[in-house]
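Reading through the structure tokens given below for one structure.
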Amino acid sequence: MTTDSQTEAGTGLEFPTGFLFGAATAAYQVEGAATADGRGPSIWDTFSHAPGRVLGGETGDVAIDHYHRYRDDVALMADLGLQAYRFSIAWPRVQPSGRGALNQAGVDFYSRLVDELLAAGIEPWPTLYHWDLPQPLEDAGGWPERDTAERFADYAGAIAAALGDRVRQWTTLNEPWCSAFLGYGSGVHAPGRQDSAAAVRAGHHLMLGHGLAAGLLRSAGHQVGVTINLYEVVPASERAIDLDAARRIDGLQNRFFLDPVLRGSYPADVIADLAPVTDFAHVRDGDLAVISTPLDVLGVNYYTRHVVTGEPTGGDDGHGGGGGAGASPWPGSEDVGFVKGDLPVTAMGWEIHAEGLTGVLERVAREYPPVPLYVTENGAAFADVPDADGLVRDPDRIGYLDGHLRACRAAIDAGVPLRGYFCWSLFDNFEWSWGYSRRFGLVHVDYETQTRTPKSSAYWYGDLIRGRLAV
């Protein structure tokens with residue numbers, strides 16, 4: 001199915017046989033039904049209902065009502081030709097207190113969703129944690145406390161036992177950097193705390209939870225991955241002060257997570273950079289062996305790059321929130337400045353730099369032990385408005401996707417074991433602290449009527465999936 005607003009941007013984009021194409025969402029951003037069928041509150045429910053936290057005071061209470069509309073949404077996915085759907089399971093929907101027996105009504109929703117996907121020929125790719133910690137666990141200390149990692153592993157094992165007869169691939173965490181450093185450091189994400197030491201502890205315990213869950217799931221025969229948001233970090237110049245700034249931000253953004261997961265150690269320079277913040281006493285013997293449990297897949301989320309300088313600039317690092325700028329999410333490196341270049345930007349103010357995706361994929365393949373890679377999120381927000389004829393033409397998004405898919409192809413040609421690509425996002429939805437003001441979707445959503453309208457990018461992506469040639 002095509003529209004007259006499509007372009008020929010995708011001509012020549014070819015991928016190997018078996019390359020997986022999908023799209024992604026997250027539970028709090030799309031499901032709504034915030035109190036339905038025994039679902040308990042998450043930190044994002046609490047955060048979004050607190051005055052001043054989210055732009056416009058908006059919440060995910062209703063979101064795009066995917067909870068009630070999932071059958072129609074899956075039919076739309078099938079119409080577009082998606083091969084896989086990456087969604088997240090809301091921990092407070094299936095285990096409201098964060099411990100104990102599962103809430104069967106919540107489990108049943110995901111069971112129905114999985115069945116609907118499989119019946120449509122779409123592979124389910126569930127993520128176990130996309131930022132919606134049950135509020136009772138935050139009340140007990142949240143991710144800075146070690147017990148939360150244990151609770152996560154218990155939850156992961158229980159929900160995998162319930163759905164694992166039909167789900168092949170599991171992702172433990174989505175973007176632990178955001179959970180730790182935006183949630184507990186800058187405070188622009190839930191739970192909204194501003195404590196650098198707590199943020200570092202949260203990062204470690206998130207990865208410990210990943211490792212514990214991965215061990216349980218792999219021992220039960222499941223395939224397991226984790227998704228990390230990676231950036232190409234570029235010094236503003238070749239001056240020593242800028243080169244060191246790039247090293248520091250790369251350490252906190254990328255290597256703080258990649259090294260423990262793939263090498264079983266924290267980078268020595270990052271430990272030194274964080275010495276004024278923490279002595280790493282929260283890291284116990286054996287933790288890093290658990291965190292580095294072998295992976296079947298590493299998910300890479302990529303949106304933009306960071307250009308940094310050692311001279312404070314007051315520049316925006318792109319991680320501010322709709323409810324306010326917050327504190328720095330860079331513990332121990334708060335004085336690093338972020339520089340904007342002359343590249344085009346998305347509605348988030350993020351530079352469009354597709355070559356950086358090739359760079360981060362090649363870097364992981366070159367510097368770390370081999371593991372199959374998937375781009376698990378990549379996409380852009382633009383100000384999408386339906387035309388008078390009802391069509392939503394978004395040529396900027398088509399250009400963005402085209403450029404980044406070409407970057408994927410370049411990485412494959414360079415020998416990177418890249419196996420698939422998930423566009424973010426399938427639908428316009430609740431964009432965290434930006435509320436409903438930023439639209440990332442392939443499908444436009446009228447938030448008043450919940451009407452779904454595939455944008456021209458959705459048809460372009462579907463045509464790419466159906467028409468690609470094996471090489």
Side-chain angles (χ1 to χ4, degrees), residues 28 40-48 50 53 91-92 95-99 128-156 172-214 226-229 251-253 255-257 259-261 265-267 270-271 273-288 290-291 319 321 326-334 432-433:
Y28 189 74
S42 76
I43 55 174
W44 268 98
D45 293 279
T46 302
F47 184 86
S48 65
R53 293 295 203 177
W91 189 352
Q95 196 182 48
S97 67
R99 63 183 73 237
L128 291 164
Y129 187 72
H130 200 132
W131 307 353
D132 47 0
L133 185 70
Q135 185 61 44
L137 292 184
E138 175 60 25
D139 294 341
W143 284 110
E145 297 299 321
R146 188 179 187 88
D147 183 65
T148 305
E150 301 281 354
R151 301 287 69 74
F152 175 73
D154 290 346
Y155 146 68
T172 54
L173 308 175
N174 180 80
E175 298 187 355
W177 185 90
C178 294
S179 296
F181 294 111
L182 298 183
Y184 294 93
S186 72
V188 300
H189 278 195
R193 290 161 61 178
Q194 296 180 345
D195 182 335
S196 292
V200 176
R201 294 197 307 274
H204 177 73
H205 293 142
L206 280 153
M207 299 314 300
L208 179 62
H210 151 74
L212 292 169
V226 64
T227 283
I228 300 174
N229 53 318
L252 287 169
Q253 179 75 68
R255 292 181 289 120
F256 183 89
F257 298 98
D259 280 32
V261 168
S265 61
Y266 281 108
V270 175
I271 293 175
D273 291 343
L274 287 170
V277 177
T278 177
D279 60 4
F280 277 80
H282 55 276
V283 180
R284 297 183 185 176
D285 289 346
D287 282 3
L288 288 160
V290 171
I291 292 171
H319 292 303
S328 171
W330 307 105
S333 295
E334 296 88 349
W432 306 113
S433 64

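Residue numbers run from 1 in the order of the sequence given.
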Any idea which heavy atoms bring [X] and [Y] closest together, and the distance?
| X | Y | result |
| --- | --- | --- |
| Gly40 | Asp45 | O-OD2, 4.4 Å |
| Leu133 | Tyr184 | CD2-OH, 4.2 Å |
| Gly326 | Gln194 | CA-NE2, 4.0 Å |
| Glu334 | Ser196 | OE2-OG, 4.1 Å |
| Leu288 | Pro260 | CD2-CB, 3.9 Å |
| Pro96 | Pro134 | O-CB, 3.7 Å |

Check: [Y] and [X] side chains under 4.5 Å, non-hydrogen atoms:
| X | Y | result |
| --- | --- | --- |
| Phe257 | His210 | no |
| Pro92 | Asp132 | yes |
| His189 | Ile43 | no |
| Phe256 | Met207 | no |
| Phe47 | Trp131 | no |
| Ser48 | Tyr28 | yes |
| Glu175 | Leu182 | no |
| Phe152 | Leu128 | yes |

Spatial distance of atom [atom1] ([X]) from atom [atom2] ([Y]) [nearest 0.5 Å]:
| X | Y | atom1 | atom2 | result |
| --- | --- | --- | --- | --- |
| Ser328 | Trp330 | OG | CH2 | 8.0 Å |
| Ser179 | His130 | OG | NE2 | 8.0 Å |
| Cys178 | Leu206 | SG | CG | 11.0 Å |
| Ile291 | His205 | CD1 | NE2 | 9.0 Å |
| Ser186 | Arg193 | OG | CZ | 13.0 Å |
| Asp259 | Ile271 | CG | CD1 | 10.0 Å |

- Task: For the pair Arg146 and Leu208, evaluate side chain to side chain contact (heavy atoms under 4.5 Å, CB included) and give the outcome as yes or no after the intermediate values.
- Result: CA-CA 8 Å; Arg146 188 179 187 88; Leu208 179 62; 3.7 Å; yes
- Query: Do the ring planes of Trp143 and Tyr129 sit parallel (below 30°), tilted (30 to 60°) or perpendicular (above 60°)?
  - Reply: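 The arrangement is perpendicular - the two ring planes meet at more than 60°.
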- Message: Please determine whether a side-chain nitrogen of the Lys or Arg among Glu145 and Arg151 lies less than 4.0 Å from a carboxylate oxygen of the Asp or Glu.
- Response: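 So Glu145 does not pair with Arg151 through a salt bridge.
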Taking only distance into account, with no hydrogens and no angle test, what donor-acceptor pairs under 3.5 Å do side-chain atoms of residues 275-284 form with protein atoms, sequence neighbours excluded?
from	atom 1	to	atom 2	distance (Å)
Thr278	OG1	Phe280	N	3.1
Asp279	OD1	Ala281	N	2.9

- Item | Stepwise side chain to side chain contact (heavy atoms under 4.5 Å, CB included) check, Val200 with Phe181 | CA-CA 7 Å; Val200 176; Phe181 294 111; 4.2 Å; yes
- Message: Determine whether Ser333 and Leu252 satisfy the following criterion, side chain to side chain contact (heavy atoms under 4.5 Å, CB included), listing intermediate values before the conclusion.
- Response: CA-CA 9 Å; Ser333 295; Leu252 287 169; 4.1 Å; yes
